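Have a look at the structure below, then the notes.
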Amino acid sequence: MKRYWLMKSEPDVFSFDHLAKAPKRTTSWEGVRNYQARNFMRDTFRKGDEVLFYHSNTEDAGIYGLAEVVREGYPEQESPWCMVDIRATAKLREPVTRARLAADSRLKGMMVLKRGARLSIQPVTPEEFKIVSALGKPEYL
DNA sequence: GCCAACGTTGGC
DNA sequence: GCCAACGTTGGC
């Protein structure tokens, strides 16, 4: 069964545009140092799962693009940590900011909106994914 | 830049 | 195994 995820990145470090311009529009998601997020990547991510790409710690935090999982969890070299590969699939013409997320009552269950939700990889429901991607008017790449 | 919330560390 | 101290995240 296909699953849906939200993945956070600080745009100053690695934005959705960075991903869209990367070779094959693909990157390895290295550097996660949280066990819960690591376990999601290692145990639950499957090829074909879809991703909301979220910009955190910035003005206008929110969802800027869509991506898909193209390689399932594999170890970072010489470490207990783990990463996946994701590929950009669509840029959102109208990024879905936190304000827009919060204004939509259908999305009030989203983990990213909860106070103190620091987890950098979060599950989202198929409905949430559909609603957010429709709001964003995706331009498929 | 502030600071609340959270995860991790480490002394005991 | 408890829990205080610490470092980090991330919204504002």
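The model shown is predicted, which means the values in this text are computed figures rather than measured ones. Hydrogens, waters and symmetry mates play no part in the numbers below; they use all other heavy atoms, side chains included. We name chains A, B, ... by the order of the sequence lines, and we start the count at 1 in each one.
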Separation of B:dG7 P from A:Asn39 CG (nearest whole Å):
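Answer to the nearest Å: 13 Å.
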Rounded to whole Å, the CZ-P distance (A:Arg115 to B:dA5) equals 4 Å
Considering only distance and modelled atom types, tabulate donor-acceptor pairs under 3.5 Å from the side chains of residues 128-139 of chain A, sequence neighbours left out.
| residue | atom | partner | partner atom | Å |
| --- | --- | --- | --- | --- |
| A:Glu128 | OE1 | A:Thr125 | N | 2.9 |
| A:Glu128 | OE1 | A:Thr125 | OG1 | 3.4 |
| A:Ser133 | OG | A:Phe129 | O | 2.7 |
| A:Ser133 | OG | A:Lys130 | O | 3.2 |

Can you give me every donor-acceptor pair (side chain of residues 56-64 of chain A, partner residue at least two apart or in another chain, under 3.5 Å) with its distance?
| residue | atom | partner | partner atom | Å |
| --- | --- | --- | --- | --- |
| A:Asn57 | ND2 | A:Glu10 | OE1 | 3.4 |
| A:Tyr64 | OH | A:Asp60 | O | 2.6 |

Any residue meeting side-chain hydrogen bond (donor to acceptor under 3.5 Å, both in side chains) with A:Lys2, in chain and number order, not counting sequence neighbours: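 For A:Lys2, the residues satisfying side-chain hydrogen bond (donor to acceptor under 3.5 Å, both in side chains) (neighbours in sequence not counted) are A:Glu50.
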Side chain to side chain donor-acceptor pair (under 3.5 Å) partners of residues 16-25 of chain A, not counting sequence neighbours, each pair once:
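Only A:Ser15-A:His18, A:Asp17-A:Lys91 qualify under side chain to side chain donor-acceptor pair (under 3.5 Å).
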With the criterion being N/O to N/O and under 3.5 Å, what pairs connect the protein with nucleotides 8-12 of chain C, and how long is each?
| residue | atom | partner | partner atom | Å |
| --- | --- | --- | --- | --- |
| C:dT8 | O2 | A:Arg118 | NH1 | 3.2 |
| C:dT8 | O2 | A:Arg118 | NH2 | 3.2 |
| C:dG10 | OP1 | A:Lys8 | NZ | 2.6 |
| C:dG10 | OP1 | A:Arg118 | O | 2.8 |
| C:dG11 | OP1 | A:Tyr54 | OH | 2.7 |
| C:dG11 | OP2 | A:Asn57 | N | 3.0 |

Residues 87-117 of chain A vs ring pair (Phe, Tyr, Trp, His ring centres under 6.0 Å), sequence neighbours excluded, gives none
